[in-house]
Amino acid sequence: MSDPAPSPTPRPSVIQLAIKERAALFAAYIPAFTNGGIFVPTTREYRLGEDVYLLLSLPEDTQRYPIAGKVAWVNPPHAGGDRKQGVGIHFPKEEKSQELKNKIEFILGKHLSSDRSTQTL
């Protein structure tokens, strides 16, 4: 008897996120992640470590940045502290991600050190 064929690896889900304002980018950016990351508000359920493909648009930029990231944390429904439901996507360790992290940090500039609340950590 032959072994059953291995089940195919599920394809990563695709998420599109267009951030139109610097304040929204500040609230979503996750500088605590080594390679950078972004919070994505969503009601869809994700698991930690799940692969996702993110198409990210930044303020005042017509380009969409493709990121093959991983879910690094989950804000469940009704999370405390007025936190939105969603997921934190950790950018992969690659040159394109480093360039995107640098671009986000350039856009945020001095706001990175602000103590305003965010949707992240």
Side-chain angles (χ1 to χ4, degrees):
M1 196 169 208
S2 64
D3 291 330
S7 55
T9 304
R11 293 175 59 147
S13 61
V14 176
I15 302 172
Q16 294 188 48
L17 179 63
I19 300 177
K20 298 186 185 327
E21 300 170 353
R22 186 178 290 144
L25 180 60
F26 173 79
Y29 180 57
I30 309 170
F33 288 173
T34 306
N35 304 310
I38 203 87
F39 176 78
V40 178
T42 180
T43 56
R44 179 173 171 195
E45 290 189 24
Y46 287 92
R47 297 179 318 276
L48 289 175
E50 187 172 341
D51 291 323
V52 294
Y53 189 76
L54 176 65
L55 293 170
L56 178 64
S57 299
L58 299 175
E60 300 174 23
D61 189 344
T62 57
Q63 183 174 346
R64 289 196 323 177
Y65 298 90
I67 297 291
K70 288 197 178 289
V71 174
W73 111 76
V74 176
N75 267 1
H78 313 293
D82 289 333
R83 302 242 188 255
K84 291 182 181 177
Q85 181 179 356
V87 292
I89 306 299
H90 188 213
F91 298 163
K93 184 177 182 175
E94 62 183 29
E95 189 175 331
K96 286 189 317 183
S97 295
Q98 185 61 49
E99 290 170 7
L100 178 58
K101 178 181 181 189
N102 292 343
K103 182 168 189 65
I104 291 171
E105 291 182 355
F106 178 78
I107 291 169
L108 293 176
K110 65 180 184 230
H111 299 289
L112 271 175
S113 59
S114 172
D115 59 359
R116 291 184 316 185
S117 65
T118 69
Q119 294 299 321
T120 66
L121 305 173

(request) Taking all non-hydrogen atoms of both residues into account, name the closest pair between P92 and G69 and its distance. (result) CD-CA, 4.3 Å
(request) Please report the closest heavy-atom contact between K101 and F33, naming both atoms and the distance. (result) NZ-O, 4.3 Å
(message) Do Y65 and E99 pair up side chain to side chain, a donor and an acceptor below 3.5 Å, judged on atom types alone?
(response) no
(message) What verdict does the side chain to side chain contact (heavy atoms under 4.5 Å, CB included) test give for I67 and Y53, after you've listed the backbone C-alpha separation in whole Å, the side-chain angles of each residue and the deciding distance to 0.1 Å?
(response) CA-CA 6 Å; I67 297 291; Y53 189 76; over 6 Å; no
(request) Side-chain contact test, heavy atoms from C-beta onward, threshold under 4.5 Å: evaluate it for L25 versus L58 and give yes or no. (result) yes
(message) Let's go through L17 and L54 carefully: what are the C-alpha distance in whole Å and the side-chain angles of both, what is the deciding distance for side chain to side chain contact (heavy atoms under 4.5 Å, CB included) to 0.1 Å, and is it a yes or a no?
(response) CA-CA 7 Å; L17 179 63; L54 176 65; 4.1 Å; yes
(request) Evaluate the side chain to side chain contact (heavy atoms under 4.5 Å, CB included) criterion for residues L108 and Y29: first the C-alpha distance (whole Å), next the side-chain angles of each, then the deciding distance (0.1 Å), finally the verdict. (result) CA-CA 9 Å; L108 293 176; Y29 180 57; 3.9 Å; yes
(message) Could you report the tightest heavy-atom contact between P59 and K20, atom names first, then the distance?
(response) CB-O, 3.7 Å
(message) For the CD atom on Q63, are there more than 12 heavy atoms of other groups (residues, nucleotides or ligands in this structure) within a distance under 6.0 Å?
(response) yes
(request) Decide side chain to side chain contact (heavy atoms under 4.5 Å, CB included) for Q98 and K93; before the verdict, give the C-alpha distance in whole Å, the side-chain angles of both, and the deciding distance to 0.1 Å. (result) CA-CA 7 Å; Q98 185 61 49; K93 184 177 182 175; over 6 Å; no
(request) Pick out which of I38, I104, D61, I107 makes a side chain to side chain contact (heavy atoms under 4.5 Å, CB included) with I19. (result) I38
(message) Check whether F26 forms a cation-pi arrangement with R22 (NZ or CZ under 6.0 Å from the six-membered ring centre, at most 45° off the ring normal).
(response) no
(message) Is it the case that over 12 heavy atoms from other parts of the model lie below 6.0 angstrom from the CD atom of E94?
(response) yes
(request) Please check if the side chain of N75 supplies one atom and the backbone of K84 the other of a donor-acceptor pair under 3.5 Å. (result) yes
